[in-house]
Amino acid sequence: MNTTEAIKARRAVKHFDPEHRMPEAEERRLLDLAMLSPTAFNIQNWRFVLVKDRSLREKIRKAAWDQAQVTEASLLIVLCADLNAWDKDPRRYWREAPTEVGDFMIPAIGEYYRGKSQVQRDEAMRSCGIAAQTIMLAAKSLGYDSCPMDGFDYDKVGELIDLPADHTIAMFVVVGKGTVAPWPKPGQLSEGDVIFEDRFPVV
Ligand SMILES: Cc1cc2nc3c(=O)[nH]c(=O)nc-3n(C[C@H](O)[C@H](O)[C@H](O)COP(=O)(O)O)c2cc1C
């Protein structure tokens with residue numbers, strides 16, 4: 001399946017075969033691909049929590065409006081981010097780069113994020129959003145369906161997964177073998193509603 005096909009075929013699927021277990025090799029492949037997602041300054045601030053414990057999944061489902069995907073899907077990935085990744089030995093993000101590139105980037109990272117909690121949080125959401133789409137498209141190309149999710153109690157799920165204080169949760173992505181086809185796209189906006197040239201129209 002090529003990229004265009006995967007983009008068109010991906011849908012938010014709500015019911016999965018609860019008996020399906022994703023082979024270890026496929027899970028690895030999916031996560032290897034997720035880790036190729038781009039991040040600003042290459043800080044790789046995403047953290048992927050794979051919830052495998054069935055009883056923990058049940059508890060998370062309760063904190064997610066009892067949505068069936070949480071326990072039926074083969075994988076429940078809680079996409080988190082380290083808000084301080086930018087400050088944790090940033091040289092490692094550029095260790096293979098030419099020295100002059102690293103020497104430029106490392107101080108620039110600090111200047112961009114230091115003392116700016118909103119920027120740190122925005123970056124967490126940007127990185128995780130991009131990684132989520134990578135996971136969903138990669139899943140599709142591996143023959144799986146997926147669902148992005150933010151319908152859950154973030155504080156409760158944070159407690160359940162022992163989220164560190166300087167991390168945040170962005171969203172879930174569940175991946176599995178879909179059993180119920182999604183309804184047709186319910187209401188796509190027109191190009192005129194969302195695409196503009198140069199500037200927004202004056203109203
Ligand atoms: C950030 C985000 C959060 C979402 N949360 C949920 C959710 O909690 N439960 C759910 O069933 N669908 C959820 N969805 C799926 C959307 O409803 C779905 O993507 C949208 O209706 C478009 O449908 P499509 O993905 O099949 O094209 C979420 C989607 C996104 C992007």
Side-chain angles (χ1 to χ4, degrees), residues 1 5-24 26-35 37 45-83 121-165 167-189 194:
M1 182 178 280
E5 289 164 347
I7 291 169
K8 288 185 170 171
R10 184 218 56 81
R11 294 297 312 279
V13 168
K14 323 277 178 168
H15 289 282
F16 296 88
D17 176 359
E19 304 305 323
H20 182 80
R21 299 284 175 267
M22 185 182 283
E24 180 80 24
E26 286 180 347
E27 181 186 305
R28 265 279 33 101
R29 177 138 183 77
L30 199 60
L31 292 163
D32 285 349
L33 292 169
M35 288 176 64
S37 302
N45 47 345
W46 12 248
R47 303 290 179 263
F48 306 99
V49 178
L50 302 173
V51 183
K52 304 215 164 174
D53 179 329
R54 303 309 300 183
S55 71
L56 182 55
R57 284 254 211 138
E58 291 290 348
K59 287 180 189 154
I60 293 177
R61 176 170 168 168
K62 284 199 182 79
W65 309 338
D66 198 32
Q67 295 188 77
Q69 308 93 301
V70 174
T71 51
E72 284 182 355
S74 305
L75 283 186
L76 166 61
I77 308 172
V78 185
L79 267 80
C80 306
D82 183 344
L83 295 164
R121 192 177 161 77
D122 289 348
E123 208 65 89
M125 299 304 151
R126 276 190 282 272
S127 297
C128 288
I130 293 170
Q133 183 73 339
T134 303
I135 292 169
M136 292 187 287
L137 296 182
K140 197 72 227 178
S141 78
L142 290 170
Y144 283 90
D145 287 301
S146 62
C147 188
M149 298 180 67
D150 64 6
F152 57 90
D153 180 331
Y154 278 67
D155 292 336
K156 183 74 198 160
V157 173
E159 276 170 34
L160 288 168
I161 65 167
D162 295 334
L163 185 76
H167 287 47
T168 189
I169 299 177
M171 61 194 291
F172 297 166
V173 175
V174 297
V175 177
K177 294 288 182 187
T179 52
V180 180
W183 50 69
K185 282 273 199 186
Q188 290 301 105
L189 296 179
V194 297

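Values in this document were obtained by computation on a predicted structure and should not be read as measured data.
- Residues A131 and W46 share a closest heavy-atom pair of CB-CD1, 3.7 Å.
- For the salt bridge (charged side-chain N to carboxylate O under 4.0 Å, His left out) condition, no pair includes a residue of residues 71-81, sequence neighbours left out.
- Annotation: side chain to side chain contact (heavy atoms under 4.5 Å, CB included) contacts of K8 (sequence neighbours excluded): T4.
- For the pair L31 and L50, the minimum side-chain heavy-atom distance is below 4.5 Å.
- Partners of R10 under the salt bridge (charged side-chain N to carboxylate O under 4.0 Å, His left out) rule, at least two apart in sequence or in another chain, do not exist in this structure.
- More than 12 heavy-atom neighbours from other residues, nucleotides or ligands sit within 6.0 angstrom of CZ on R21.
- To the nearest 0.5 angstrom, E27 atom CD is 5.0 Å from L75 atom CG.
- Residues L163 and V78 form no side-chain contact, since every pair of their non-hydrogen atoms from C-beta on lies 4.5 Å or further apart.
- To the nearest 0.5 Å, the span separating NZ on K156 from CD on E159 amounts to 5.0 Å.
- Nearest heavy atoms, V174 versus M149: CG1-SD, 4.1 Å.
- Formation of a donor-acceptor pair under 3.5 Å by the R57 side chain with backbone atoms of V51 is found in this model.
- At distances below 3.5 Å, not a single donor-acceptor pair connects side-chain atoms of Q69 with backbone N or O atoms of C147.
- Screening I77, D162, I161 for a side chain to side chain contact (heavy atoms under 4.5 Å, CB included) involving V49 leaves a single residue, I161.
- The shortest heavy-atom contact between L76 and V70 is CD2-CG1, 3.8 Å.
- By the neighbour-count criterion of 12 heavy atoms within 6.0 Å, atom CE of M125 is densely surrounded, having more than that number from other residues, nucleotides or ligands.
- Nearest approach of A139 to V175, heavy atoms of both residues: CB-CG1, 3.8 Å.
- The two residues P186 and R11 make their nearest non-hydrogen contact at CD-NH2, 4.4 Å.
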- request: Could you give me the CA-CA distance, side-chain angles and deciding distance for M22 and L30, then say whether side-chain contact (heavy atoms from CB on, under 4.5 Å) is met?
  value: CA-CA 10 Å; M22 185 182 283; L30 199 60; 4.2 Å; yes

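- Judged as a ring-ring contact (aromatic ring centres under 6.0 Å, His included), the pairs with a partner in residues 133-153 (not counting sequence neighbours) are, in order, H20-Y144, F152-Y154, F152-F172.
- Within the model, atoms CD1 of I169 and CG of D153 stand 9.0 Å from one another, a figure rounded to the nearest 0.5 Å.
- Going from atom NZ of K59 over to atom CG of L160 covers 7.0 Å, rounded to the nearest 0.5 Å.
- Side-chain contact between I135 and L79: present, with at least one pair of heavy atoms (C-beta onward) separated by less than 4.5 Å.
- Every pair passing side chain to side chain donor-acceptor pair (under 3.5 Å) that includes a residue from residues 123-136 is listed here, sequence neighbours excluded: S37-T134, N45-S127, Y113-E123, E123-R126.
- For the pair A12 and P182, the tightest heavy-atom approach, listed with the atom from each and the gap, is O-CB, 4.0 Å.
- K14 meets the salt bridge (charged side-chain N to carboxylate O under 4.0 Å, His left out) test with no other residue; sequence neighbours excluded.
- For the atom pair L137 CG and L142 CG, the distance stands at 11.0 Å (nearest 0.5 Å).
- Judged purely by atom type and a 3.5 angstrom limit, S141 has no side-chain atom pairing as donor or acceptor with the backbone of M1.
- Comment: D145 does not engage K177 in a salt bridge, judged by the lack of any side-chain N to carboxylate O separation of less than 4.0 angstrom.
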